Amino acid sequence: MKTSPNPFTALSLAEQQLDALDATLMRRRLKQTQSPCDIEVKVAGRLLKAFCSNDYLGFANHPQLVAAMAEGAAQYGVGSGASHLISGHSVAHDLLEIELARTQEKHIDDARALFFCTGYLANITAITALAGLGLHPENQNSGISIYSAKLNHASLIDGVKLAAAQTKASVHLFDHTNLAQLNEMLQADSAAHKLIVTDGVFSMDGDLAPVADLLAIAETYDALLIVDDAHGFGVLGKYGHGILEHFQVQSDRIVYIGTLGKAAGVSGAFVCAHQTLMECLIQKGRPYIYSTATPPAIAHTVLASLHLIEGEEGQARRAHLNQLIAIWHQEMQLQHWQITPSMTPIQPLVLGSNAAALFASKQLDEASYWIPAIRPPTVPEGSARLRITFSANHSALVVRELISELQRIEAIVHASSETKMV
Ligand SMILES: *Cc1c(COP(=O)(O)O)cnc(C)c1O
C-alpha cells in the first residue's frame, strides 16, 4: 500500500491495519448492486443469481409493498423529524406496534411492542436497559449476570459488552447445544438479576435455539430470556410469527426481538415483552431515546408487509421455501463438504480456510452466482464458509441448478486444495 509522505499517526495505523487484513485474506469489499434486491441482481453490469440475501419471502421488491411505501410517504412525508419521546412518534408507529404485539400475544403475557430503526439498535437497547434493572438499589449488592450464547450475532455480543461496561454485570458464554453446561453455571450463580441472551435462528448456521428448554431454565433460575429472532420472524410458524409460535411457548419472562429488514423485506426491528418491561425500555433505553424515529412511511410499509406475512400469500411462500429446503436435503450430494441439518432457509457449507471459501465464492461468481465467502470474525476461526440462503422467489429448478453447480465447484476446489493451490 502506498504511504503518504508525512503520514500522521492515525493514517499510518489505518494503513497497517488494512495491510494486516489483506495478509490474512480478511479484507472485505463492497459490491454495488444496480437493481432491486431479488433473486437476480445486476452487479457491475452483470446479472447474478443471488443466494445470499436475507429476503427469505421475496418481499423486498414486492409490488404491494413498493406501493405501500409510496402511499406512506404521501401520507406522512419522508422524515419523522425527532426522536420518539420528543415529537417523532407517529400514529403510523403506534398502529404497527399494536399489530406487532398481537403477533406475540399468545406467547408473551401482557405483550407490548416497540419499533426500532434497526435490529442492531434494538438489541443494544434491550440488553443495556434490561441489564440495567439490576442497578436498582433493591438489587445493588446481589449482582447481575448475563449468559450469552457463544454463536450469537455481533449486535448481541456488542449489547452484552456495553451492558457489562455500564452495569459491571458478569458475562458467561454458553454453548446452545449443551444446556447442561448452562444449567451448571446458573446453579453456581448467586446473582439476583440474570439475563439469558440467544439468537432464535443462528444466523450463520441456520439451526434453532432450543427455546422451550431455555425458557424452562430461565424459569428455574428466575432469569429473563432474550431471544433475537432476526431470521425466524416471517419464516417460522404457520403465521410467520417466528420462533415462539414455532415452539408454542408462553411466558411473561421472554423478551422477543424480531427484525423487519429480512423476511419482512423492509427495514427496522421490534422488541416485544411484558408491558412493564417495555415501559422501562422507553424510560431507560438510551439508543431508543436518542435516535431519530424511523420515518413513519417505513412503519406504514412494514404494517403492509406484516399482513402479507400472516395471510395466504405468506403461508404459500413459507410452504414453497420448505419445499426448496427439502430438495436441498434430498438432492445435495457432496464428496468432501458437509451439509448441515438446518431446516431454515440458511444453508451453510463450511469449507474451513479463508482461502478455500474465497476461491469457491470466486468460482461461483464466474458461473454467475452470488454467494459470498463468510469469514472470521463473523464465524469462528477456521470455519469460513459459503452461506447459501433461499428466497421464496427461487424456483425448484434454480435450486437444482445451484446444486449441480456446487457439486461441480466442490470438485474444483478440492482438487486445488490437494495441490495446495488454496
Ligand atoms: C441482521 C441481524 C441483526 C441486525 O438487524 P438489523 O436490522 O440488520 O440491524 C440482529 N441479529 C441478528 C441475529 C441478525 O442476523
Side-chain angles (χ1 to χ4, degrees), residues 28 30 33 37 52-57 59-60 93 96-97 100 113-128 130 146 148-163 173 176 195-211 214 225-236 242-244 246 254-273 285 287-288 291-295 298-299 301-302 305-306 309 342 344-348 372 374-375 377-380 385 387-391:
R28 298 155 186 237
L30 289 167
T33 62
C37 170
C52 52
S53 84
N54 303 308
D55 179 25
Y56 303 120
L57 297 177
F59 281 173
H93 296 122
L96 174 62
E97 286 172 351
L100 289 169
L114 271 191
F115 179 51
F116 284 78
C117 307
T118 70
Y120 192 103
L121 205 73
N123 283 340
I124 303 266
T125 307
I127 297 169
T128 54
L130 295 170
I146 306 177
S148 179
K150 278 183 190 153
L151 295 182
N152 274 348
H153 187 261
S155 57
L156 292 175
I157 295 172
D158 291 356
V160 168
K161 282 186 180 161
L162 185 59
L173 299 182
H176 69 274
L195 312 179
I196 301 172
V197 182
T198 185
D199 273 19
V201 176
F202 282 85
S203 57
M204 296 299 134
D205 295 275
D207 60 326
L208 308 190
V211 168
L214 285 168
L225 176 61
I226 302 181
V227 181
D228 169 5
D229 202 25
H231 300 275
F233 186 75
V235 171
L236 297 176
I243 197 158
L244 305 184
H246 174 84
I254 300 176
V255 178
Y256 180 84
I257 297 157
T259 69
L260 302 165
K262 290 172 179 161
V266 191
S267 186
F270 69 105
V271 179
C272 183
Y288 179 79
S291 294
T292 298
T294 309
I298 302 275
T301 314
V302 171
S305 169
L306 179 57
I309 287 173
S342 161
T344 65
I346 302 169
Q347 296 293 338
I374 308 286
R375 287 159 281 164
T378 307
V379 293
R385 66 195 65 186
R387 175 179 181 268
I388 293 145
T389 53
F390 297 130
S391 156

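Model, not experiment: these values are computed from the prediction. Whatever order the structure lists them in is the order used to number ligands and atoms, beginning at 1.
- Any N or O atom pair closer than 3.5 Å counts here, and G119 shares at least one such pair with ligand 1.
- Of the possible polar contacts, one joining the S305 side chain to the A264 backbone as a donor-acceptor pair under 3.5 Å is found.
- Taking only nitrogen or oxygen atoms, main chain and side chain alike, H231 reaches within less than 3.5 Å of ligand 1.
- Side-chain atoms of V227 and V255, non-hydrogen and from C-beta on, never get closer than 4.5 Å to each other.
- Protein heavy atom in closest approach to atom 14 (C) of ligand 1: K262 NZ, 2.7 Å.
- Remark: side-chain polar atoms of D55 are paired, donor with acceptor, to backbone N or O of A60 under 3.5 angstrom.
- Of the protein's non-hydrogen atoms, Y120 N, 3.6 Å is the one closest to atom 4 (C) of ligand 1.
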Inset, instruction - Give the C-alpha distance, both sets of side-chain angles, the deciding distance and a yes or no for side-chain hydrogen bond (donor to acceptor under 3.5 Å, both in side chains) between D158 and Y120. - result: CA-CA 9 Å; D158 291 356; Y120 192 103; 2.6 Å; yes

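- Using a 4.0 Å cut-off between a side-chain N of Lys or Arg and a carboxylate O of Asp or Glu, R387 and D205 do not qualify as a salt bridge.
- Atoms of ligand 1 found under 4.0 Å from any heavy atom of D199, numbered from 1 in the order shown, are 13 (C).
- The closest approach between any non-hydrogen atom of G261 and ligand 1 is not below 4.0 Å.
- Under a 4.0 Å criterion applied to the non-hydrogen atoms of T259, ligand 1 contributes the atoms 5 (O).
- Atoms of ligand 1 lying under 4.0 Å from at least one heavy atom of N123, given by number and element, are 10 (C), 11 (N).
- A ring-centre distance under 6.0 Å is found for F116 and Y288.
- Using a 4.0 Å cut-off to heavy atoms of A230, the atoms of ligand 1 that qualify are 2 (C), 11 (N), 12 (C), 13 (C), 14 (C), 15 (O).
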Inset, instruction - Please assess T378 against R385 for the test side-chain hydrogen bond (donor to acceptor under 3.5 Å, both in side chains), listing each intermediate value before the final yes or no. - result: CA-CA 10 Å; T378 307; R385 66 195 65 186; over 6 Å; no

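- A parallel orientation is assigned to the rings of F202 and H176, their planes being inclined by less than 30° (bins at 30° and 60°).
- Rounded to the nearest 0.5 Å, atoms CG (D228) and CG (D199) are 5.0 Å apart.
- Proximity annotation for atom 11 (N) of ligand 1: of I257, D229, D228, D228 comes nearest, heavy atoms only.
- Each of the atoms 7 (O), 9 (O) of ligand 1 lies under 4.0 Å from some heavy atom of T118.
- Neither the backbone nor the side chain of N54 has a heavy atom within less than 4.0 Å of ligand 1.
- In S155, the part holding a heavy atom less than 4.0 Å from any atom of ligand 1 is the side chain.
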